[in-house]
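So you know, we letter chains A, B, ... as the sequences are listed, proteins then strands, and number each from 1. Both backbone and side-chain heavy atoms feed into the values below; hydrogens, waters and symmetry mates do not.
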Amino acid sequence: MLPPSIQPHASGHIIEQIEMAKKIQEAGLAYESNGSLYFDVKKYNQNHNYGILSGRNLDEVIANTRSLDGQDEKRDQVDFALWKKASPEHIMRWKSPWSDGFPGWHMECSAMSTKYLGENFDIHGGGMDLKFPHHESEIAQSVAANGSNPVKYWMHNNMVTINGQKMGKSLGNFITLQQFFTGEHSLLEKKYDPMTIRFFMLQAHYRSTLDFSNEALQAAEKGWNKLLNTVRLLPSIKSSETSGADISALISGGFEALDDDFNTPVLIAQLFEATRLVNLANDGKMTLTASDIQNLKTFFEDTLFTILGLTDSFSASNPMENVTDGLINLILEMRLEARKNKDWAASDKLRDQLKALRILVKDSKEGSTWEWDLN
RNA sequence: GGUCUCUUGGCCGAGUGGCUAGGCACUGGUCUGCAAAACCAUCUACUCCGGUUCGAAUCCGGAAGAGACCUCCA
């Protein structure tokens with residue numbers, strides 16, 4: 001996952017926001033009232049479509065808007081502020097043509113996205129709860145100021161629920177990412193690796209609600225480790241002359257899923273299918289050609305790591321890694337020696353002590369290997 | 001109250017007319033000094049009622065349940 005190139009602050013772009021509000025006013029789609037500037041939604045709607053994004057009908061919105069106190073400044077309930085005059089006790093305040101005050105809350109997105117991405121850009125993300133009125137108003141502002149709909153594709157991700165219930169501070173079931181990582185929350189049975197959380201979320205489509213539960217999280221953890229194992233296993237698979245599986249179909253299936261509104265669950269299903277084939281090949285029950293193996297490696301690299309932004313936490317470059325590897329392998333050799341002598345007490349002791357250090361020993365016919373014990 | 005969305009097997013979760021998604025758990029098997037891990041196999045669901053169709057989880061109507069938005073602030 002790449003860090004953003006820029007993380008602009010709204011308070012650092014007051015001038016841009018004022019300029020944009022001016023343009024809207026010059027276009028005749030805003031009016032001043034008592035030092036504040038409001039967007040004239042009804043007038044805008046005569047020639048444009050306010051509701052194009054959220055699928056709302058303006059008349060219905062108006063009919064259903066409750067009247068609130070202290071909104072006499074607005075000509076209509078649906079109008080929204082482009083600039084708000086600051087009350088005397090308000091701390092945030094800047095000079096503007098209309099008053100000392102602050103920008104309306106939709107302005108920052110429009111002004112900053114225009115500045116850094118241009119009047120038209122490809123993708124705008126955000127939570128579904130922002131679709132209306134925030135994003136709807138953003139479109140209206142940009143159309144009014146720049147004359148065109150700014151965004152090609154909107155990606156609205158859905159809400160997260162916990163045990164079927166909406167996650168919310170007022171409900172007391174709110175869990176922060178930090179708490180997931182440390183496990184310090186009454187609803188969490190254990191701590192979860194950041195990559196587990198990320199993988200878990202990618203197993204559902206971004207437009208669907210996603211339900212957190214310990215059971216679901218632990219299922220994701222196991223599945224994620226299974227995929228990682230495949231990535232580690234891939235380089236040691238022996239190639240054959242002929243192929244027993246249609247790898248290219250598998251791979252293109254994965255990319256087609258991504259092209260279809262970023263359907264990550266289907267991509268992941270393809271990766272699990274690849275995992276099955278690789279494991280079969282590892283057991284000598286499936287044949288893969290050298291190019292199959294190379295293509296699968298590239299497939300895992302491109303999708304899991306580059307596109308989905310997952311990383312193999314424990315193989316991330318770490319100066320101590322080689323030392324750790326060496327030390328543990330040394331201990332495993334000693335244990336092997338003990339086992340040859342049928343000194344099970346010593347063998348079990350080494351295994352148990354390593355487990356206490358979160359190092360899980362796995363015995364097989366070929367010898368012993370180890371991995372970090374995530375539990 | 002209005003608008004909109006959702007309801008899939010033990011759990012999570014894809015899927016817009018016919019062709020088994022996938023993961024986890026369960027169960028069986030392989031491996032194994034024991035255990036664990038790993039691997040393989042298996043498990044065939046679509047809230048309810050009615051309709052359209054040769055055929056529906058998928059389309060239409062109705063019911064029930066769940067959720068989002070509809071106000072300030074971001």
Side-chain ion pair, A/R198 and A/D193, N-O less than 4.0 Å: no
Partner nucleotide, any strand, of B/A14 [Watson-Crick/G-U, under 3.5 Å]: none
Phosphate OP1/OP2 of B/C39 contacted by A/N282 side-chain N/O (<4.0 Å): no
Nucleotide forming a Watson-Crick or wobble pair with B/U30, both distances under 3.5 Å: B/A38
Distance in angstrom units between A/F212 CZ and B/C12 P, rounded: 13 Å
Geometric cation-pi criterion A/K190 and A/Y192, 6.0 Å radius, 45° cone: yes
Counter-base of B/G61, judged by Watson-Crick or G-U geometry with both distances under 3.5 Å: B/C49
Short side-chain donor-acceptor distance under 3.5 Å, A/N146 and A/K23: yes
Within the 6.0 Å centroid threshold, strictly below: A/H135 and A/H156: yes
Nearest-neighbour nucleotide for the A/R339 side chain, B/A25, B/G33, B/C70 considered: B/G33
Residue-phosphate contact under 4.0 Å: A/K131 side-chain N/O, B/C70 OP1/OP2: no
N or O in side chain of A/K362 less than 4.0 angstrom from B/U32 OP1/OP2: no
B/A21 to B/G61 separation - C1' atoms, rounded to the nearest Å: 30 Å
Distance-only side-chain donor-acceptor flag, A/S33 / A/E73, under 3.5 Å: no
Rounded distance in Å - CD (A/Q218) to P (B/G13): 16 Å
Base of B/A35 paired with side chain of A/R351 (donor-acceptor, under 3.5 Å): yes
Assigned partner base of B/U20, Watson-Crick or wobble definition, under 3.5 Å: none
Nucleotide opposite B/C4 in a Watson-Crick or G-U pair, distances under 3.5 Å: B/G67
Residue whose closest nucleotide on RNA chain B lies nearer the 5' end, A/V361 versus A/N279: A/V361
Residue-phosphate contact under 4.0 Å: A/S208 side-chain N/O, B/A14 OP1/OP2: yes
Nucleic acid contacts of residues 260-274 of chain A, taken as heavy-atom distances under 4.0 Å to RNA chain B: A/N263, A/P265, A/V266, A/A269, A/F272
Ring center gap for A/Y44 and A/F39 short of 6.0 angstrom: yes
Proximity of A/Y116 and A/F121 rings by center, below 6.0 Å: no
A/R276 side-chain N/O to B/G22 phosphate OP1/OP2 under 4.0 Å: no
